[in-house]
There are 2 protein chains.
Amino acid sequence: MTARTPDSARDIPEATVARLPVYLRALTGLAESGTTTCSSEELAASAGVNSAKLRKDLSYLGSYGTRGVGYDVEYLRYQIAREIGVTQDWPVVIVGIGNLGHALANYSGFRSRGFRVVALLDADPARHDEVVAGLDVRSFEDLESIVTEDAVSIGVIATPAVAAQSVADRMVAAGITSILNFAPTVLTVPPGVDVRKVDLSIELQILAYHEQRKSVAPGSEVVS
Amino acid sequence: MTARTPDSARDIPEATVARLPVYLRALTGLAESGTTTCSSEELAASAGVNSAKLRKDLSYLGSYGTRGVGYDVEYLRYQIAREIGVTQDWPVVIVGIGNLGHALANYSGFRSRGFRVVALLDADPARHDEVVAGLDVRSFEDLESIVTEDAVSIGVIATPAVAAQSVADRMVAAGITSILNFAPTVLTVPPGVDVRKVDLSIELQILAYHEQRKSVAPGSEVVS
DNA sequence: GTCGTTTTGTTCAACCGTTCACAAACTCCT
DNA sequence: AGGAGTTTGTGAACGGTTGAACAAAACGAC
C-alpha cells in the first residue's frame with residue numbers, strides 16, 4: 001500500500017486530469033437535479049465513461065466515497081474542484097478579439113467555472129473603442145501591466161496564426177505560464193510553460209477520416 | 001514484414017490519425033515557403049513532435065519517403081490529404097448561431113481545408129433573417145431536407161448545453177454520422193455515429209490544475 | 001452481534017502509444 | 001564501381017492507460 005498523504009499531493013495521471021473536469025460538470029448537474037448521493041455507476045453514466053475508470057480516477061485523489069453507499073455529491077464535487085484548483089478564481093486574459101475572441105469573451109462557462117476574464121486585448125487600434133462582454137478592448141501593449149497588476153497566469157490566444165507565436169512570446173515574458181491556443185499553429189515556449197491547443201479544423205479532419213472509412217468498409221468504428 | 005497493401009486499407013492508430021492533420025498543416029506551410037523536400041527531422045520540428053514519432057506515424061500510411069533524401073513535400077502532402085479524405089469537399093451544417101456559431105461560420109480554416117459550410121440553422125426565429133458569412137440563417141426545421149439534398153454527413157453543434165442532445169438526435173435521424181460538439185454536455189448517440197467534443201472550459205481547467213501545482217513548492221506537504 | 005447485500009478501492013493482466021536503436025536503402029564523391 | 005555519409009522504416013523495449021475481477025468495508029435486517 002502506498003503511504004497515505006493527508007492532503008492530495010501525489011501525481012495524478014494526465015489522462016485522469018483531463019477527465020476530472022468532466023466529472024465535476026456531471027456532479028454539478030446531479031446536484032442541480034437534487035441528487036445528494038450517487039454511485040460510481042450513476043456518476044460514470046452522467047460523465048460518459050465506465051464505472052471502473054471513474055473509480056480508478058477518483059482513487060488518485062483519495063478515498064472520498066463510502067463503500068456500500070456511494071459518493072456524497074456535494075462533498076465529492078468540492079474535493080474535485082479543490083484538486084483542479086477551481087475553488088479559487090483564475091484571472092484570464094484574452095488576446096485577439098475577432099470572431100472567436102468575441103465568442104470566448106461572451107462564453108458564460110468560463111466565469112461559472114472559476115475563471116474571470118480580466119482583459120481583452122487586440123493589436124488593431126480600430127477595435128480599441130469596442131466594448132465586448134462588458135469589457136473594453138484594450139491595446140496589446142497593456143499586456144505586461146495587466147498581467148502584473150492582476151497576477152494573471154493564464155492567457156488565451158485567439159489571434160490569426162501568424163501573430164500567435166509573437167503573442168505567446170510576449171505573454172511568457174510578461175509572466176504568464178499557461179496558454180490556451182486557438183490559433184492553428186505550433187507554439188514554442190520555454191520549459192515550465194504549459195500550452196494546450198484547440199484546433200477546430202483538426203477536429204473536423206479527424207471526423208472526415210472516420211467518415212471516409214465508413215463509406216468504404218462495413219466495419220464501423222465508434223468513438224464516444 | 002507485414003503484407004504490403006497497395007492502397008491504404010490498414011487501420012491507423014487513433015493517436016496517429018489525430019496528428020495527421022498537424023503534419024498536413026506543417027507540409028502546407030513548408031510548401032508555401034518554397035520548400036520542395038524535407039527530412040523527417042525538419043517536418044517533425046514544424047509539427048512540434050519528435051522525428052521518431054513522425055516516421056512511425058507516416059509508416060502506417062505507406063512508404064512515401066526516400067532513404068538518404070527525405071520526403072517530397074508536395075507528394076507527401078497529397079498522400080496525407082488523401083488518407084484523411086480532404087481531397088474531396090465535405091459539406092457541413094452548423095446548428096446554433098450564437099457567438100460561437102458566428103465564429104465558426106466565419107472561420108476561414110474550414111473552407112481552406114476541405115470543408116464547405118452549406119447551412120446555418122437556429123431554433124430561434126429571431127435569428128432567421130440574419131445573414132452570416134454569406135449564408136442566411138435558416139430554421140432548424142430545414143435540417144432533414146438540407147442533409148438529404150446536400151448529402152451532409154458532418155454536423156456541428158454550437159447550441160446551449162440543454163439543446164445539444166435533442167439536436168444530436170435530430171441530426172442522427174436525418175442521416176448525419178459525424179458530429180462535432182461544442183456544447184458542454186455528454187452526447188449519447190447510436191453505434192456507427194462518431195462524436196468529437198471541443199470543450200473550452202475543460203481545457204482551461206486542465207491548465208488550472210497544472211498552474212496550481214506550479215505555485216506549490218515541489219514535495220511540500222501541509223499537515224495540520 | 002452476525003449475516004447478507006451493496007458498492008468502493010485496488011490489484012492484475014492486456015492493450016495502446018512512445019521512444020530507442022539499427023538495418024536497409026539511397027546519394028554523392030572519388 | 002565502391003565506400004562514406006545520410007535518412008528512412010521498423011523491431012523491440014518501455015511506460016502509461018484501460019478494463020475486469022475481487023477483496024475490503026459499510027449498511028440494514030434480524
Side-chain angles (χ1 to χ4, degrees), chain A residues 1-6 8 10-20 22-23 26-27 30 35-73 75-76 79-80 83 206 221-224, chain B residues 1-6 8 10-20 22-23 26-27 30 35-73 75-76 79-80 83 206:
Chain A
M1 180 197 278
T2 53
R4 190 66 66 79
T5 48
S8 56
R10 286 140 299 178
D11 55 332
I12 297 177
E14 197 53 36
T16 297
V17 171
R19 282 187 295 265
L20 290 179
V22 180
Y23 302 153
L27 285 165
L30 287 174
T35 311
T36 59
T37 300
C38 70
S39 68
S40 65
E41 204 72 50
E42 293 173 84
L43 180 53
S46 294
V49 301
N50 81 28
S51 63
K53 194 188 288 185
L54 170 72
R55 289 200 300 277
K56 194 164 212 8
D57 284 343
L58 294 184
S59 76
Y60 290 114
L61 311 190
S63 204
Y64 296 133
T66 308
R67 297 180 193 217
V69 178
Y71 300 94
D72 181 283
V73 171
Y75 179 62
L76 182 58
Q79 293 299 337
I80 294 179
E83 189 70 39
I206 295 170
E221 212 99 348
V222 184
V223 180
S224 58
Chain B
M1 182 196 282
T2 51
R4 191 66 65 82
T5 46
S8 57
R10 288 142 300 178
D11 54 333
I12 297 177
E14 196 55 34
T16 297
V17 172
R19 281 188 294 265
L20 290 180
V22 180
Y23 303 153
L27 285 165
L30 288 173
T35 311
T36 58
T37 299
C38 70
S39 68
S40 65
E41 204 72 51
E42 294 173 84
L43 180 53
S46 294
V49 301
N50 78 31
S51 63
K53 194 188 287 187
L54 169 72
R55 288 201 301 277
K56 193 154 208 41
D57 284 341
L58 294 184
S59 76
Y60 291 113
L61 311 189
S63 201
Y64 296 133
T66 309
R67 298 177 192 217
V69 178
Y71 301 95
D72 182 281
V73 171
Y75 179 62
L76 182 58
Q79 293 300 338
I80 293 179
E83 188 70 38
I206 294 170

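Below, chains carry the letters A, B, ... as their sequence lines are ordered, and counting in each starts from 1.
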Rounded interatomic separation in angstrom, taking OH from A/Y60 and C1' from D/dG16: 9 Å

Pairwise salt bridge (Lys or Arg N to Asp or Glu O under 4.0 Å) hits with a residue in residues 35-54 of chain A, at least two apart: none

Side chains of B/I80 and B/L76 in contact at under 4.5 Å (non-hydrogen atoms): yes

Closest-nucleotide ordering on DNA chain D, the 5'-leading residue of B/G65 and A/K53: B/G65

Whole angstrom value for the distance that separates P of C/dC15 from CG of B/D11: 14 Å

Presence of B/N50 side-chain N/O under 4.0 Å of C/dT19 phosphate oxygens OP1/OP2: yes

Nearest non-hydrogen partners of B/V22 and B/A18, listed with the distance: CG2-O, 4.2 Å

Atom-to-atom span, CG of A/L58 to P of C/dG9 - whole angstrom: 7 Å

A/Y64 OH - C/dT10 P separation (whole Å): 12 Å

By side-chain hydrogen bond (donor to acceptor under 3.5 Å, both in side chains) - contacts of B/T16 (at least two apart): B/D57

Protein-nucleotide distance (B/L61, atom CG; D/dT10, atom P), rounded to Å: 11 Å

Atom pair OH/CG of B/Y23 and B/L43 - distance to nearest 0.5 Å: 8.0 Å

Side chain to side chain contact (heavy atoms under 4.5 Å, CB included) between A/L61 and A/Q79, worked out: CA-CA 8 Å; A/L61 311 190; A/Q79 293 299 337; 5.5 Å; no

For atom CD of B/E41 and atom C1' of D/dG9, their distance in whole Å: 15 Å

Whole-Å gap separating C1' (D/dG19) and NZ (A/K56): 10 Å

Listed pairs, N/O of protein and of nucleotides 4-7 of chain C, under 3.5 Å:
unit_1: C/dT7; atom_1: O4'; unit_2: A/G68; atom_2: N; d: 3.1
unit_1: C/dT7; atom_1: O2; unit_2: A/G68; atom_2: N; d: 3.3

5' precedence on DNA chain D between A/T16 and B/R55 (nearest-nucleotide basis): B/R55

Value in whole Å for how far the P atom of C/dT18 lies from CG of B/L54: 12 Å

Pair A/V73-A/T36, side chain to side chain contact (heavy atoms under 4.5 Å, CB included): steps then yes or no: CA-CA 5 Å; A/V73 171; A/T36 59; 5.7 Å; no

